[in-house]
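Report on one structure; see the data block that follows.
All values derive from a computational prediction rather than experimental measurement.
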Amino acid sequence: MRFILRKLPGLALLTVGAAAAAPLCAQTAAGESVADISRPSTVQKLEDLQFGDIIAGSTVSTVVVNPSSESRSIQTGNATAFGGTVSAAQFQVSARPLLYYQISLPSSTTLIRISGSETMLVNNFTLNGSSIRFLPLFTAIGNFKVGGRLTVGAGQEPGQYSGSFEVTVNYL
């Protein structure tokens, strides 16, 4: 009888060791991989910001283009606006539908006289509406307009002035 008692504990130890090494019931689950390829986001200029024709006065003047009405006004000074093309800059955003985006405008830019070195400052850029916008489901296209304020020096040198500015669109 002693012989049987000594072997049983050894068998029990072997069985426990085998159970730890090989599971009695293995389980598996399937997972999926998903990728969403969207069209690239774009921002493009459709129209330039144009202040039209201006005659400089004897004092520093400011000329404003309103982005909502696309109208021009002399805000300060005695410059004279007399025609030419007046327009707010217009941009188009294209991205994935149902996306919010935020528009950031520059603080200022400098216009330089073509074939010269004289300058004028454009600042106080404004939008025709909120800086945070939404791209609709069916078109995924949004437009916005930008106006600004031009500072014309007293006796500003006649000529055509040109410069550029950048808008930034961040998708939220």
Side-chain angles (χ1 to χ4, degrees), residues 33-172:
S33 297
V34 178
D36 182 11
I37 307 299
S38 298
R39 67 178 158 201
S41 303
T42 62
V43 179
Q44 69 180 44
K45 177 195 71 162
L46 302 177
E47 184 78 32
D48 288 322
L49 173 57
Q50 299 184 65
F51 290 91
D53 296 335
I54 301 163
I55 298 173
S58 59
T59 63
V60 173
S61 303
T62 54
V63 181
V64 174
V65 171
N66 181 308
S68 297
S69 65
E70 296 200 56
S71 62
R72 168 185 59 195
S73 62
I74 305 297
Q75 197 173 49
T76 62
N78 60 358
T80 304
F82 70 95
T85 302
V86 175
S87 68
Q90 184 172 351
F91 296 88
Q92 184 174 72
V93 175
S94 175
R96 190 181 80 224
L98 304 176
L99 188 69
Y100 283 94
Y101 62 98
Q102 182 172 22
I103 305 160
S104 299
L105 302 175
S107 58
S108 66
T109 191
T110 302
L111 305 184
I112 301 172
R113 188 171 71 85
I114 296 173
S115 300
S117 60
E118 296 80 12
T119 63
M120 289 191 289
L121 178 72
V122 179
N123 62 4
N124 286 11
F125 288 96
T126 55
L127 286 169
N128 65 325
S130 173
S131 64
I132 296 178
R133 306 203 180 183
F134 182 73
L135 291 170
L137 176 61
F138 295 109
T139 63
I141 293 174
N143 292 325
F144 62 92
K145 293 181 180 180
V146 178
R149 179 178 70 188
L150 172 69
T151 301
V152 180
Q156 185 78 43
E157 182 70 30
Q160 186 176 19
Y161 290 74
S162 179
S164 63
F165 66 93
E166 290 184 356
V167 297
T168 302
V169 174
N170 291 312
Y171 299 97
L172 308 174

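- Rounding to the nearest 0.5 Å places OG1 of T168 at 8.5 Å from CG of L105.
- Side-chain contact between Y161 and L150 is absent, with no heavy-atom pair separated by less than 4.5 Å.
- Contact record, P136 with P97: O-CB, 3.5 Å, taken as the closest heavy-atom pair.
- Between F51 and V122, the closest side-chain pair of non-hydrogen atoms falls below 4.5 Å.
- Between the side chains of T59 and N78, at least one donor N or O lies within less than 3.5 Å of an accepting N or O.
- Dense packing is recorded around CZ of F134, with more than 12 heavy atoms of other residues, nucleotides or ligands lying under 6.0 Å away.
- Not a single donor-acceptor pair under 3.5 Å links the side chain of S131 to the backbone N or O of Q102.
- Within the model, atoms CE of M120 and CD of Q156 stand 5.0 Å from one another, a figure rounded to the nearest 0.5 Å.
- At least one side-chain heavy atom of R133 sits under 4.5 Å from a side-chain heavy atom of L127.
- Nearest heavy atoms, A95 versus A140: O-CB, 3.0 Å.
- Side chain of E70 to backbone of A88: a donor-acceptor contact under 3.5 angstrom is found.
- Checked by atom type and distance alone, the side chain of R72 never pairs as donor or acceptor with a backbone atom of Q50 at under 3.5 Å.
- Under the 30°/60° scheme for interplanar angles, the aromatic rings of Y101 and F144 are found to be tilted.
- The minimum heavy-atom distance between A56 and G153, with the atom names listed, is CB-O, 3.8 Å.
- Residues V146 and F165 have side chains in contact (heavy-atom distance under 4.5 Å, counting atoms from C-beta outward).
- Note: L46 CG to S87 OG = 11.0 Å, rounded to the nearest 0.5 Å.
- A donor-acceptor contact shorter than 3.5 Å links the side chain of T109 to the backbone of S164.
- With hydrogens and angles ignored, the 3.5 Å screen pairs no side-chain donor or acceptor of S71 with any backbone N or O of N66.
- One distance of note links CD of Q160 with CD1 of I114; it measures 4.0 Å at 0.5 Å rounding.
- With values rounded to the nearest 0.5 angstrom, I74 atom CD1 is found 6.0 Å from I54 atom CD1.
- L111 CG to L49 CG: the interatomic distance, rounded to the nearest 0.5 Å, is 8.5 Å.
- Summarising the local packing, CD of Q44 is surrounded by more than 12 heavy atoms from other residues, nucleotides or ligands at distances under 6.0 Å.
- Contact between Y171 and S94 at its shortest, heavy atoms only, is OH-O, 4.1 Å.
- Contact detail for V86 and G83: the closest heavy-atom pair is CG2-O, 4.5 Å.
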